[in-house]
Amino acid sequence: MLNRWFFLVACLALIGYFAHHAIHGRYGLEARERAERGVKILEAELALLRAERERLERAASALTDDASRDDDLIEEQARRVVNFARPGDVILVIKPK
């Protein structure tokens, strides 16, 4: 009789052990949910980065393609990035306070 109770308790303990690790363990259900949330966050970030890349590629093609080159955009970039100015432009220097 004692052997049966011991066997029953041992089986219940093993079932509890494996059930606990199936839910809370390193590869359990909770870890899977965390991984899926991480994947969704990274996919959203990837979509934003792809949109930014497409925008930059369009801007770069506007600066390089001979057929669709936008001279005004090139001049704007030159003025802003390398402080380009044409002869006769009035330049105002504003000192920070």
Side-chain angles (χ1 to χ4, degrees):
M1 185 74 170
L2 184 60
N3 287 338
R4 286 185 185 174
W5 283 105
F6 178 75
F7 182 72
L8 179 64
V9 170
C11 286
L12 289 176
L14 283 173
I15 290 171
Y17 173 81
F18 287 116
H20 172 76
H21 284 285
I23 295 171
H24 304 288
R26 184 181 210 176
Y27 303 105
L29 296 174
E30 289 179 354
R32 180 178 180 176
E33 289 176 9
R34 282 192 304 272
E36 288 175 353
R37 280 193 302 262
V39 166
K40 287 180 183 178
I41 290 169
L42 291 174
E43 284 175 345
E45 185 178 344
L46 179 62
L48 290 173
L49 290 172
R50 283 185 174 156
E52 177 69 11
R53 179 181 178 184
E54 289 175 9
R55 184 189 67 77
L56 291 172
E57 285 177 349
R58 283 192 305 273
S61 70
L63 293 172
T64 58
D65 290 343
D66 289 334
S68 65
R69 186 176 70 206
D70 187 0
D71 292 333
D72 292 332
L73 180 62
I74 293 171
E75 182 178 345
E76 176 187 336
Q77 292 291 325
R79 287 175 180 265
R80 185 167 43 93
V81 174
V82 295
N83 294 324
F84 171 78
R86 288 186 174 185
D89 282 353
V90 176
I91 300 172
L92 300 173
V93 178
I94 301 173
K95 296 180 181 178
K97 293 181 179 181

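Because only heavy atoms are used, hydrogens play no part in the values below, and waters and symmetry mates are left out as well, while side chains stay in.
Here CG of Leu29 is found 11.0 Å from CZ of Arg34. Values are rounded to the nearest 0.5 Å. Annotation: the span from Leu12 atom CG to Phe7 atom CZ amounts to 10.0 Å, rounded to 0.5 Å. The distance from atom CD of Glu30 to atom CD of Glu33, rounded to the nearest 0.5 Å, is 7.0 Å. Note that the CG atom of Leu46 and the CZ atom of Arg50 stand 4.0 Å from one another [nearest 0.5 Å]. The structure places CD of Glu57 at 11.0 Å from CD of Glu52, a figure rounded to the nearest 0.5 Å.
Minimum heavy-atom separation, Gly25 to Ala31: O-CB, 4.0 Å.
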Handout entry: Derivation and outcome, side-chain contact (heavy atoms from CB on, under 4.5 Å), residues Leu8 and Trp5
Key = CA-CA 5 Å; Leu8 179 64; Trp5 283 105; 4.0 Å; yes
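Between Lys40 and Glu36, none of the side-chain N atoms (NZ, or NE/NH1/NH2) sits under 4.0 Å from a carboxylate O, so this pair counts as no salt bridge.
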